[in-house]
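Input: a single structure, listed below in structure tokens.
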Amino acid sequence: MALFNKHFLSLLLTLAATQTVHAVDYVVTNTAPTTAGGARFKKEIGAGYSKQTLASATHFIWRTFQQTKPADRKNVRKVSLFVDDMDGVAYAVNNEIHVSARYIGSYSGDVKREITGVLYHEMTHIWQWNGNGQAPGGLIEGIADFVRLKANYAPSHWVQPGQGDRWDQGYDVTAWFLNYLNSLRNGFVAELNKKMRTGYSANYFVELLGKNVDQLWSDYKAKYGK
């Protein structure tokens with residue numbers, strides 16, 4: 001019995017160690033608590049909800065990208081969120097997400113839902129592959145907004161499907177285009193992201209959908225009469 005218990009304990013420790021390796025730690029810091037936006041963040045959003053949202057976003061992104069195994073994903077152990085007194089909305093860099101307290105303070109509407117959407121967008125930047133820096137910036141931003149769209153956090157100020165001047169215009173324009181492409185081939189965005197792990201080629205669109213991206217954009221515009 002003692003030998004069994006020893007082996008059982010060893011198994012539990014091994015499982016725990018495995019879980020720890022793949023767990024992600026989330027830290028939230030409000031560096032602007034005395035500003036109007038910092039105070040609003042504390043009152044209407046909060047650090048606890050933000051940590052929960054970061055974790056939920058991570059698992060949603062893994063599912064959206066069909067990254068079922070740790071080997072499919074980036075090796076990220078910790079993500080830090082900072083609410084800073086800065087201009088703009090938010091940005092992600094070096095596994096950190098920085099959100100503007102000024103934006104939070106000035107936002108008219110459901111700020112909790114808006115920032116939730118922003119966190120889904122920025123967390124996508126933490127996890128997505130970018131073709132080793134070769135992919136168009138508009139595509140990278142479009143994929144992040146595609147994830148926000150699929151999570152049902154698209155804001156009312158986004159453009160409508162079919163609008164936009166270029167497929168790689170970025171953000172909401174490219175997100176709606178990717179949503180259309182994903183309807184042509186379920187899992188397209190996941191497969192495109194997987195290909196961008198090692199590099200980028202416009203030919204990826206041909207490989208996955210049988211047409212070049214400019215023809216796909218033309219088809220998309222024609223569908224919506226834009």
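Everything numeric in this text was worked out from a predicted model, so none of it was measured. The first residue of the sequence shown is numbered 1, and numbering continues consecutively from there.
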Exercise. Ignoring hydrogens and geometry, is there a side-chain-to-backbone donor-acceptor pair from Glu141 to Gly137 under 3.5 Å?
Worked result: no
Problem set entry | Arg40 versus Ile104, closest heavy-atom pair with distance | NH1-O, 2.8 Å
Exercise. Are Val27 and Val24 joined in one hydrophobic group, where the rule is that I, L, V, M, F, W and Y side chains link up if heavy atoms are under 4.5 Å apart?
Worked result: no
Problem set entry | Nearest-0.5 Å distance that lies between atom OG1 in Thr58 and atom CD in Gln67 | 10.5 Å
Exercise. Among the clusters formed by ILVMFWY side chains lying less than 4.5 Å apart, do Leu184 and Trp217 turn up in the same one?
Worked result: yes
Exercise. Quick one: OG1 on Thr174 to CG on Leu139, what's the gap to the nearest 0.5 Å?
Worked result: 7.0 Å
Exercise. Is the count of non-hydrogen atoms from other residues, nucleotides or ligands lying under 6.0 Å from Lys221 atom NZ greater than 12?
Worked result: yes
For this session: Test side-chain hydrogen bond (donor to acceptor under 3.5 Å, both in side chains) on Tyr49 and Thr116 and set out the steps.
Result: CA-CA 9 Å; Tyr49 174 79; Thr116 300; 2.7 Å; yes
Exercise. So, the side chain of Asn193 versus the backbone of Trp129: is there a donor-acceptor pair under 3.5 Å, distance only?
Worked result: yes
Exercise. After noting the C-alpha distance and the side-chain angles of Lys74 and Asn95, does the key distance pass the side-chain hydrogen bond (donor to acceptor under 3.5 Å, both in side chains) rule?
Worked result: CA-CA 11 Å; Lys74 287 183 181 177; Asn95 299 335; over 6 Å; no
For this session: Kindly indicate whether the side chain of Lys150, heavy atoms from C-beta on, has any atom under 4.5 Å from the side chain of Asn179.
Result: yes
Exercise. Checking side chain to side chain contact (heavy atoms under 4.5 Å, CB included) for the pair Glu207/Lys195: CA distance, chi angles, key distance, verdict?
Worked result: CA-CA 10 Å; Glu207 293 172 8; Lys195 284 179 173 292; 2.7 Å; yes
Problem set entry | Step-by-step side-chain hydrogen bond (donor to acceptor under 3.5 Å, both in side chains) determination, Asp85 to Thr35 | CA-CA 8 Å; Asp85 184 21; Thr35 67; 5.3 Å; no
Exercise. According to a 4.5 Å side-chain heavy-atom criterion applied to Ile, Leu, Val, Met, Phe, Trp and Tyr, with indirect links allowed, do Val159 and Val147 form part of one hydrophobic cluster?
Worked result: yes
Exercise. Ion pair present between Arg148 and Glu114, side-chain N to carboxylate O less than 4.0 angstrom?
Worked result: yes
For this session: May I ask you to check whether His98 and Glu122 show a side-chain donor-acceptor distance below 3.5 Å?
Result: no
Problem set entry | Asp72 (side chain) donor-acceptor with Lys69 (main chain) under 3.5 angstrom | yes
For this session: Of all the heavy-atom pairs spanning Ala101 and Gly38, show the shortest one and how long it is.
Result: CB-N, 3.8 Å
Problem set entry | Considering all heavy atoms, the nearest Thr64-Ala190 contact | O-CB, 3.4 Å
Exercise. Cationic tip of Arg73 within the cone over Trp62's six-membered ring, i.e. under 6.0 Å and within 45° of the normal?
Worked result: yes
Exercise. Does the ring center of Trp127 lie less than 6.0 Å from the ring center of Phe65?
Worked result: no
Problem set entry | Pair Lys112 + Asp110: basic N to acidic O under 4.0 Å | no
Seminar exercise, completed: Minimal heavy-atom distance between Ile45 and Val111, with the atoms involved, is CD1-O, 4.2 Å
Seminar exercise, completed: OG (Ser80) and CZ (Phe82) are apart, to the nearest 0.5 Å, by 4.5 Å
For this session: Please answer: with hydrophobic residues joined when any side-chain heavy atoms are less than 4.5 Å apart, are Trp158 and Tyr224 in the same cluster?
Result: yes
Exercise. Quick one: does Leu209's side chain get under 4.5 Å of Lys211's, heavy atoms only?
Worked result: no
Exercise. Using 30° and 60° as the class limits, which term best fits the ring planes of Tyr103 and Tyr107: parallel, tilted or perpendicular?
Worked result: tilted
Exercise. So how far is it from Arg113 CZ to Ser156 OG, rounded to the nearest 0.5 Å?
Worked result: 8.5 Å
Exercise. Run the side-chain hydrogen bond (donor to acceptor under 3.5 Å, both in side chains) check on Tyr120 and Thr53 step by step: do they pass?
Worked result: CA-CA 8 Å; Tyr120 269 74; Thr53 299; over 6 Å; no
Exercise. Is there a donor-acceptor pair closer than 3.5 Å between any side-chain N or O of Asn182 and the backbone N or O of Phe188?
Worked result: yes
For this session: Indicate yes or no for a side-chain donor-acceptor contact from Asp84 to the backbone of Met86 under 3.5 Å, with no hydrogens or angles considered.
Result: no
For this session: Would you give the length of the straight line joining atom CD1 of Ile143 to atom CG of Leu192, rounded to the nearest 0.5 angstrom?
Result: 5.0 Å
Problem set entry | OH/Tyr171: more than 12 non-hydrogen atoms of other groups inside 6.0 Å | no
Exercise. For Val206, does its backbone N or O pair with a side-chain atom of Asn203 as donor and acceptor, under 3.5 Å?
Worked result: no
Exercise. Do the two ring centres, one from Phe205 and one from Trp167, sit under 6.0 Å apart?
Worked result: yes
Exercise. Given side chains that start at C-beta, do those of Leu208 and Arg185 come closer than 4.5 Å, heavy atoms only?
Worked result: yes
Exercise. Under 4.0 Å between a Lys/Arg side-chain N and an Asp/Glu carboxylate O for Arg77 and Asp25?
Worked result: no
Exercise. How many angstroms lie between atom CD1 of Ile61 and atom CD of Gln66, to the nearest 0.5 angstrom?
Worked result: 14.5 Å
For this session: For Arg102 and Gly37, indicate whether the former's side chain and the latter's backbone hold a donor-acceptor pair under 3.5 Å.
Result: no
Exercise. Looking at side-chain heavy atoms only, is the closest gap between Val79 and Met123 below 4.5 Å?
Worked result: yes
Exercise. Taking it one step at a time, do Val89 and Ser100 satisfy side chain to side chain contact (heavy atoms under 4.5 Å, CB included)?
Worked result: CA-CA 5 Å; Val89 178; Ser100 168; 5.7 Å; no
Exercise. Does one hydrophobic cluster hold both Ile97 and Phe60, with members joined at side-chain heavy-atom distances below 4.5 Å?
Worked result: yes
For this session: Could you go through the side chain to side chain contact (heavy atoms under 4.5 Å, CB included) check for Val99 and Leu81 one step at a time?
Result: CA-CA 8 Å; Val99 176; Leu81 169 64; 3.7 Å; yes
For this session: For the pair Asn132 (side chain) and Gln134 (backbone), establish whether a donor and an acceptor sit closer than 3.5 Å, ignoring hydrogens and angles.
Result: no
Exercise. For Gln128 and Ala144, which heavy atoms make the closest approach, and how far apart are they?
Worked result: NE2-N, 4.4 Å
Exercise. What are the two closest non-hydrogen atoms of Leu149 and Trp176, and how far apart are they?
Worked result: CD1-CH2, 3.6 Å
